[in-house]
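Single-structure report; data block below.
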Amino acid sequence: MIFVRDRGRMANNILQYGHVYAWGREHGRQTMSMRFAYKYRYFHICHTRHHNFLTYLFAKYAAKAGFLPVVNFAADNADYTTAEQEMVSRKNLIVEGWYARWYDLFLKYKADIIRLFAFDDNIEQHTSKLLHEGLRIGVHIRRGDYANFYGGRFLYSDEQYLSVIRSFIQQHPNEQITIYICGNDPNLNHDYYLQMLSHSKVIFPEGNPGQDLCLLSHCHYLIGAPSTFTLVAAMYRDTPLYWIEDPTLPVTSDSFKTFDYLFQHIY
């Protein structure tokens, strides 16, 4: 068994486990996500064999006691030949690190990964009540930790997000548009967005992470600062995603990219 010790937040964990799962499928090895054994219990994977708290505790303390070897993919562009050999030869071990990446294998088993991370029925039912007819645009506003991420490069103001949203709306003058605004800013000025986007339907779902991710996955277009959250949302239905790198640029059809491209160009 390969126990995957995840790092970061929920969307990071999905991508990290997805890579190792795909490698395991290719090499006939079982894998288990330690994070989804006890946390973020919104997905099908959380109810599968081995994904339970007791298995998580076993792996955690077996590694701590030195009974389980740990293979760490901690550095970008490192040679991990020896690490992969150990993954093949060891019966049980822990794999961790953000740079455990096998892009081709991930794409090969992408449909299986999506099935593993299918949302629980209660999450889908909650989302279905919020979905409107017409063009659905999901906007993810990232603040908080983005004050320091890449030196604050992607910490955008409300005015900058609005500029991008309006630019998108101008590209679809004859569409009935619903804008879903999610994010991690508890002090987001809802009234300001409602006022400035008064000609469109604006919804602030304010769900838990699973509910917000599910909702974004049902949108027709996604917009946000570069983030694995919007990236994973785009994965489910190959939703066009615009990662805002320069909020002063007009939004065009070329602004949007696919998951298959963007997941290989994560910041």
Side-chain angles (χ1 to χ4, degrees), residues 9-11 42 119 122-150 152-237 239-257 262:
R9 300 185 182 184
M10 184 179 74
Y42 312 122
F119 297 96
N122 65 313
I123 300 289
E124 289 285 3
Q125 289 165 7
H126 173 87
T127 297
S128 67
K129 299 173 184 177
L130 300 173
L131 298 180
H132 289 262
E133 296 297 325
L135 192 65
R136 297 189 292 270
I137 172 71
V139 179
H140 187 247
I141 295 179
R142 192 70 178 262
R143 300 265 167 75
D145 56 329
Y146 268 40
N148 298 314
F149 182 64
Y150 266 76
R153 174 181 170 185
F154 304 118
L155 184 68
Y156 300 132
S157 66
D158 290 335
E159 291 77 12
Q160 288 173 311
Y161 277 107
L162 279 165
S163 175
V164 173
I165 295 169
R166 283 172 159 176
S167 182
F168 174 84
I169 292 173
Q170 290 171 2
Q171 299 296 314
H172 300 83
N174 301 315
E175 297 275 6
Q176 178 185 349
I177 296 177
T178 302
I179 304 165
Y180 297 91
I181 300 179
C182 304
N184 67 340
D185 183 355
N187 299 312
L188 188 68
N189 189 341
H190 292 191
D191 291 339
Y192 181 66
Y193 283 88
L194 291 170
Q195 177 184 350
M196 302 305 290
L197 298 170
S198 58
H199 295 293
S200 300
K201 182 181 291 293
V202 180
I203 296 176
F204 300 91
E206 298 186 317
N208 61 41
Q211 291 168 340
D212 281 355
L213 186 68
C214 183
L215 176 60
L216 292 179
S217 78
H218 282 280
C219 290
H220 299 114
Y221 290 89
L222 295 171
I223 292 174
S227 163
T228 56
F229 199 85
T230 49
L231 180 64
V232 171
M235 175 183 73
Y236 287 89
R237 293 174 177 83
T239 308
L241 168 59
Y242 174 36
W243 270 351
I244 308 167
E245 297 180 271
D246 183 347
T248 66
L249 295 177
V251 179
T252 69
S253 58
D254 292 335
S255 303
F256 291 85
K257 300 291 188 294
L262 287 174

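Taking all atoms of both residues into account, the shortest heavy-atom contact from P209 to Y42 is CD-OH, 3.5 Å. The minimum heavy-atom distance linking A234 with L222 is given by the pair N-CD1, 3.7 Å. Across all non-hydrogen atoms, the minimal contact from Q211 to T127 is O-OG1, 4.0 Å. Residues P247 and V164 approach most closely at O-CG2, 3.9 Å, considering heavy atoms. Minimum interatomic distance between S200 and I179 (heavy atoms only, all atoms of both residues): CB-CD1, 3.9 Å. Taking both residues in full, the closest heavy atoms of S217 and T239 are given as O-OG1, 4.1 Å, listed atom of the first, atom of the second, then distance.
Taking the six-membered ring where the residue is Trp, the centroids of Y221 and F168 are separated by under 6.0 Å.
Counted within 6.0 Å of CD on E133, heavy atoms from surrounding residues, nucleotides or ligands total 12 or fewer; the atom is thus considered open. The 12-atom threshold is not exceeded at CD of Q176, counting heavy atoms of other residues, nucleotides or ligands nearer than 6.0 Å.
Salt-bridge check for D246 with R153: failed, with every basic side-chain N at 4.0 Å or more from each acidic carboxylate O.
Between Y150 and F154, the ring planes are tilted. Angles from 30° to 60° get that label.
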- Query: Should V251 and I165 be marked as a side-chain contact (heavy atoms from CB on, under 4.5 Å) after you check the CA-CA gap, both sets of side-chain angles, and the distance that decides it?
  - Reply: CA-CA 8 Å; V251 179; I165 295 169; over 6 Å; no
- Message: Determine whether I177 and K201 satisfy the following criterion, side-chain contact (heavy atoms from CB on, under 4.5 Å), listing intermediate values before the conclusion.
- Response: CA-CA 7 Å; I177 296 177; K201 182 181 291 293; over 6 Å; no
- Given the rule in the side-chain contact (heavy atoms from CB on, under 4.5 Å) test, do Y236 and F119 qualify, once you have shown the distances and angles that lead to the verdict? CA-CA 10 Å; Y236 287 89; F119 297 96; 3.5 Å; yes
For a quick test of your reading: what N or O donor-acceptor pairs under 3.5 Å do the side chains of residues 225-232 make, sequence neighbours left out?
from	atom 1	to	atom 2	distance (Å)
S227	OG	R142	NH1	3.0
S227	OG	F229	N	3.0
T228	OG1	N12	OD1	2.5
T230	OG1	S227	O	3.1
T230	OG1	W243	NE1	3.1

